[in-house]
Amino acid sequence: MLLIPPNRPILPNVLPLEDGKFMFRGAIPSISRDYGFHFSPVSDVNQLGLIVFISGDSRVLAFSIMTSKFYISTDYGATFSLRTVPENYLYGLGISDDGQYTTISQYQTIQCSNDGGLTWTLKYTTPYGVIHNPDSVSVSASGQYQLVRIYGYRMARSADYGVTWAQVTGAGSRLWVHQNMSRTGQYMYAIAYYETGYGLYRSADFGVTWARVIPVNLSKIFLSGNGQYVFVSLSANNFYKSVDYGATFNLVSTPFSSSLSLSYTGRVQAYYNQYSNLMVSQDFGATFTDTNFNMTNSPLAINNLIS
C-alpha cells in the first residue's frame, strides 16, 4: 500500500459533488478538484499512467503502468494499492464506478474480477488475440455492461457484470479500430475501417442491435457519460458531432484534434491545445479556457457524476 507523504496532503473532497469538477491525469498521477486549474500528486509512483480512471464521486481512482500492473484507490487518492494481473499482460482496463468490477484484456484472453482486482477469473479466450491499446475495454458505471475489442474482426460483450461473454454479431464481422460506450452502457459505438461496411456503428439498446450511422472512414469516438454528446473524428479538427444521443450527426470544425474528455452531461469538456496545455469548457464546449497547465498529452479522466 502506498501512503501519501506528510508534505503531500490530499485535498478534501469538496461537497456538493459536481459533474466534471474532478479530473485525474496520468503523468505523475495527479488529481484536480477545480475543473483542471490545479493538480496535486496523489501517488509516489513516478511513472506515466497509461490508462487512468476516476469514479463519478472521485472516490475511486486507478492508473496502469507498463503492461503488467495497475494501482487503485478507494479513498479519494489517500492510499493506492497495487494490483497484479495474470500472465503479466494488461492491454486494456475497464472499471466500474465502485471499483468492484474490473476487466482487463490480455494477449488472447479477457480476465474479470468482482473484488476490485484482488482475484481474477478467465472469462473469454480467442485464438485471434485482443487489441493491444488502452481503449480496447469499456465498462459501464455499474459494471453490468462490458465491451472488448479483439482481433479477427470481432468484439465481445457481457451484460451480466462480466460473468458470461459472447461475440457481438449484430454489427457484423469487421475490422474494428475503436469502440466506446456511455457510462450507462445503453449507447455503444464502434468504428469499422477501410473495408466493406466501414464507418460508425451505433447501438442504443446496450449492445443487442447495431446500425451503421456514418458511412465514412473515421478514427476515434468521444462521448459524454450519458451518451447525449458524441464526437467522432474524421480528420484534424474535423468531427462528426451529435447532441441527441447519436440519432443525428453534423460535420463540425472543432478546436481539438486528437483528444477530448467529457463529463456525464457533457457540460465539462477538456482537451490539449498545440502547446499541450489543458483547455477546459464548462458550457458544453461553447467556450474553452486555457488553464495554463501543461499536461504533455498525459491521459486524462473526468468524473462522470450520474444524475
Side-chain angles (χ1 to χ4, degrees), residues 1-5 8-11 13 20-33 36 38-86 88-106 111-113 115-118 120 131-139 141 143 146 148 180 183 222 225 259-263 270-272 276 278 293-304:
M1 179 147 323
L2 299 175
L3 299 178
I4 302 302
R8 189 178 294 168
I10 289 295
L11 294 175
N13 191 42
K21 185 175 184 179
F22 309 124
M23 301 183 184
F24 189 46
R25 70 166 187 148
I28 309 178
S30 306
I31 191 169
S32 170
R33 290 189 168 91
H38 300 88
F39 282 83
S40 298
V42 293
S43 171
D44 278 342
V45 179
N46 189 15
Q47 297 188 47
L48 174 65
L50 301 177
I51 306 170
V52 292
F53 170 81
I54 184 169
S55 63
D57 59 3
S58 81
R59 183 180 67 87
V60 180
L61 307 170
F63 63 94
S64 70
I65 60 173
M66 299 181 293
T67 58
S68 61
K69 63 186 72 172
F70 70 96
Y71 292 85
I72 188 168
S73 171
T74 57
D75 54 12
Y76 304 96
T79 59
F80 279 82
S81 297
L82 174 64
R83 295 290 188 262
T84 56
V85 300
N88 290 323
Y89 288 104
L90 194 161
Y91 295 134
L93 171 67
I95 303 175
S96 63
D97 241 29
D98 60 4
Q100 178 180 354
Y101 299 100
T102 305
T103 293
I104 59 172
S105 61
Q106 300 190 292
Q111 304 269 357
C112 295
S113 171
D115 58 10
L118 293 173
W120 299 90
I131 302 296
H132 300 177
N133 58 31
D135 54 35
S136 60
V137 178
S138 292
V139 173
Q146 307 187 17
V148 176
N180 205 345
R183 292 300 289 160
F222 309 94
S259 67
L260 180 67
S261 300
L262 298 97
S263 66
Y271 75 95
Y272 303 117
S276 296
L278 183 65
F293 198 98
N294 189 281
M295 303 279 282
T296 60
N297 289 321
S298 167
L300 179 73
I302 296 180
N303 79 303
N304 273 225

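Worth saying up front: this structure is predicted, and the values here are computed from it rather than measured.
- Panel note: side chain N303, backbone G20; a donor-acceptor pair is recorded below 3.5 Å.
- Counting only distance, with no hydrogens or angles, the side chain of S298 and the backbone of G26 share a donor-acceptor pair below 3.5 Å.
- One finds the OH atom of Y272 at 9.5 Å from the CZ atom of F293 (value rounded to the nearest 0.5 Å).
- Counting heavy atoms from C-beta on, the side chains of P29 and F24 come closer than 4.5 Å.
- Summarising the geometry of G225 relative to N304, their closest heavy-atom pair is CA-OD1, 2.8 Å, with the distance given to 0.1 Å.
- Nearest heavy-atom pair across R25 and V52 is C-CG1, 4.0 Å.
- Within the model, atoms NZ of K69 and OG of S64 stand 11.5 Å from one another, a figure rounded to the nearest 0.5 Å.
- Panel note: side chain S96, backbone G143; no donor-acceptor pair is recorded below 3.5 Å.
- Listed here is the closest heavy atom pair of P299 and L50: CG-O, 3.6 Å.
- At least one side-chain heavy atom of S30 sits under 4.5 Å from a side-chain heavy atom of P41.
- Residues I95 and A62 come closest through the heavy atom pair CD1-CB, 3.4 Å.
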Run the side-chain contact (heavy atoms from CB on, under 4.5 Å) test on D97 and V60 for me, step by step, so that the C-alpha distance in whole Å, both residues' side-chain angles and the decisive distance to 0.1 Å come before the verdict.
CA-CA 7 Å; D97 241 29; V60 180; over 6 Å; no
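- A donor-acceptor contact shorter than 3.5 Å links the side chain of S32 to the backbone of H38.
- For the pair F70/V85, a side-chain contact is recorded, criterion being any heavy-atom separation below 4.5 Å from C-beta on.
- For the pair S113 (side chain) and T102 (backbone), a donor-acceptor distance under 3.5 Å is absent.
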What verdict does the side-chain contact (heavy atoms from CB on, under 4.5 Å) test give for I31 and I54, after you've listed the backbone C-alpha separation in whole Å, the side-chain angles of each residue and the deciding distance to 0.1 Å?
CA-CA 9 Å; I31 191 169; I54 184 169; 4.2 Å; yes
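- For F22 against S58, the heavy-atom pair with the smallest separation is CD1-CB, 3.5 Å.
- Of all the heavy atoms in S55 and D57, the pair that sits closest is OG-OD1, 2.7 Å.
- Listed for the S73 side chain is a donor-acceptor partner under 3.5 Å among the backbone atoms of T79.
- A side-chain donor-acceptor contact under 3.5 Å links Q106 to the backbone of P86.
- For the atom pair CZ (F63) and CD1 (I65), the distance works out to 6.5 Å, reported to the nearest 0.5 Å.
- Side-chain contact between L93 and I104 is present, with at least one heavy-atom pair separated by less than 4.5 Å.
- By the side chain to side chain donor-acceptor pair (under 3.5 Å) test, S261 pairs with no residue at all, sequence neighbours left out.
- With rounding to the nearest 0.5 angstrom, the CZ atom of R83 is 4.0 Å from the CG atom of L118.
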Please determine whether side-chain contact (heavy atoms from CB on, under 4.5 Å) holds for the pair F80 and L61, giving the CA-CA distance in whole Å, both sets of side-chain angles, and the decisive distance to 0.1 Å.
CA-CA 8 Å; F80 279 82; L61 307 170; 4.0 Å; yes
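- The backbone N or O of T74 sits nowhere less than 3.5 Å from a side-chain atom of D98 that would complete a donor-acceptor pair.
- In this structure, CD1 on I302 lies 6.5 Å from OG on S263, to the nearest 0.5 angstrom.
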